[in-house]
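Report on one structure; see the data block that follows.
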Amino acid sequence: MTRRWIPATRLGRVLTAGTAGLVLAAVPLWNVPLAGQWRGEPPLTQLLPQSPPGQGPWESTPTREDLYFSEPGLDEDAQKYRGFELHGKNILRHGFSQSVKRFDSPNWAWFAVRRSPAQDKPWSFPPVELAGSRKADDQSYTCLVYSDSVGGCERWFGQIRYGQYVVDIAVSGGEQAQALDLLQEAVLATDALMPE
């Protein structure tokens, strides 16, 4: 009986063994760079606010399953969303939303926050200054500006990574100073909910 899958030459056997070793080492090596950033894993609903910080009265908006995204390293059941609007207002005009995603590892979460949005859209996301999180591993704060807008920012966003978690916060409506205050309060409230 001849074993055809074993290379006949010594060089072939060395290359085959080396390739197999690299493949076997890839999984542990993928998790090494950010291994110290793993967080505890409570239910995702515990990581979302029951209501936004700041003045209300706030009303909950229906959970929108269409806001759940398919991303590498993210299961569909590993993301939750809550939205709120000021009583009697439209969420796009005066709203607050927050979502949390738990990725398979801090590396997948790190990768997710570094993907750049499409550049061929009629809007841009310039950065905004915010004190931000005291506990996050990564964070960025931007605002939405439509190309035909004369009033500047219309919505403000925070994307905060805590280990394998990515939290997205959006504030819409109101004056910029008020919106940034609400965003900052939401970030600090999220810090308090996030496990070490």
Side-chain angles (χ1 to χ4, degrees), residues 27 29-54 60-84 91-92 95-119 121 123-144 153-172 179-196:
V27 172
L29 288 176
W30 169 253
N31 288 310
V32 167
L34 304 177
Q37 295 181 359
W38 280 94
R39 306 283 176 130
E41 296 200 358
L44 290 178
T45 53
Q46 290 182 10
L47 303 178
L48 288 172
Q50 296 304 313
S51 68
S60 182
T61 59
T63 299
R64 295 182 49 195
E65 301 294 328
D66 62 323
L67 293 176
Y68 294 167
F69 299 101
S70 174
E71 298 183 53
L74 179 66
D75 295 328
E76 196 170 301
D77 61 346
Q79 48 189 326
K80 296 290 179 202
Y81 164 88
R82 283 201 181 129
F84 302 90
I91 190 168
L92 295 178
F96 174 91
S97 65
Q98 187 165 346
S99 68
V100 61
K101 301 172 191 170
R102 181 175 48 231
F103 285 84
D104 293 338
S105 74
N107 291 34
W108 282 116
W110 179 88
F111 178 72
V113 300
R114 278 162 178 73
R115 287 179 302 144
S116 58
Q119 300 298 320
K121 305 291 183 190
W123 56 74
S124 62
F125 293 93
V128 295
E129 291 294 321
L130 196 71
S133 170
R134 297 181 184 116
K135 293 171 56 174
D137 297 308
D138 285 306
Q139 55 191 314
S140 67
Y141 304 97
T142 59
C143 72
L144 171 67
C153 295
E154 296 188 20
R155 295 188 192 128
W156 295 264
F157 302 96
Q159 186 173 61
I160 308 109
R161 184 180 69 83
Y162 303 88
Q164 71 270 33
Y165 295 96
V166 174
V167 176
D168 291 299
I169 302 171
V171 176
S172 55
L180 289 176
D181 286 346
L182 179 58
L183 183 57
Q184 179 63 44
E185 289 178 46
V187 169
L188 295 178
T190 303
D191 275 359
L193 296 171
M194 195 55 59
E196 295 292 331

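By convention here, the first residue in the shown sequence is residue 1.
- For the side chain to side chain donor-acceptor pair (under 3.5 Å) test, no residue two or more places apart in sequence or in another chain qualifies with Tyr165.
- Residues satisfying the ring pair (Phe, Tyr, Trp, His ring centres under 6.0 Å) test with Phe157, not counting sequence neighbours, are Phe125.
- Of all heavy-atom pairs between Ala78 and Leu44, the closest is C-CD1, 3.2 Å.
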- request: Show your working on side chain to side chain contact (heavy atoms under 4.5 Å, CB included) between Leu180 and Glu129 and close with a plain yes or no.
  value: CA-CA 9 Å; Leu180 289 176; Glu129 291 294 321; over 6 Å; no
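- Considering all non-hydrogen atoms of both residues, Gly132 and Tyr141 come closest at CA-OH, 3.4 Å.
- Residues forming a side chain to side chain donor-acceptor pair (under 3.5 Å) with Arg161 (at least two apart in sequence, or on another chain): Gln37, Asp138.
- When atom types are taken as modelled, the side chain of Ser105 and the backbone of Asn107 share a donor-acceptor pair closer than 3.5 angstrom.
- Residue pairs meeting the salt bridge (Lys or Arg N to Asp or Glu O under 4.0 Å) criterion with at least one partner in residues 42-52, sequence neighbours excluded, are absent.
- Checking side-chain atoms of Lys135 against main-chain N and O of Met194 turns up a donor-acceptor pair under 3.5 Å.
- Rounding to the nearest 0.5 angstrom, the gap separating the CG atom in Leu48 from the CZ atom in Arg82 is 5.0 Å.
- Separating the CG atom in Asp137 from the CH2 atom in Trp110 is a distance of 13.0 Å, to the nearest 0.5 Å.
- One finds the OG1 atom of Thr142 at 8.5 Å from the CD atom of Gln159 (value rounded to the nearest 0.5 Å).
- Distance check, rounded to the nearest 0.5 Å: CG of Asp168 to CD1 of Ile160 gives 7.5 Å.
- In terms of modelled atom types and a separation under 3.5 Å, the side chain of Gln184 and the main chain of Leu130 share no donor-acceptor contact.
- Not counting sequence neighbours, the partners of Asp191 by the side chain to side chain donor-acceptor pair (under 3.5 Å) test are Ser133, Tyr162.
- Atom CD1 in Ile169 sits 9.0 Å away from atom OG in Ser99 (nearest 0.5 Å).
- Residues Gln46 and Leu193 fail the side-chain proximity criterion, which asks for heavy atoms closer than 4.5 Å.
- Nearest heavy-atom pair, Gly163 versus Ala109, reported as atom, atom and distance to 0.1 Å: O-CB, 3.5 Å.
- Note that the CZ atom of Arg155 and the CG atom of Leu183 stand 14.0 Å from one another [nearest 0.5 Å].
- The salt bridge (charged side-chain N to carboxylate O under 4.0 Å, His left out) test applied to Glu41 returns Arg102, not counting sequence neighbours.
- Proximity of Pro53 to Asp181: side-chain heavy atoms (C-beta onward) are nowhere separated by under 4.5 Å.
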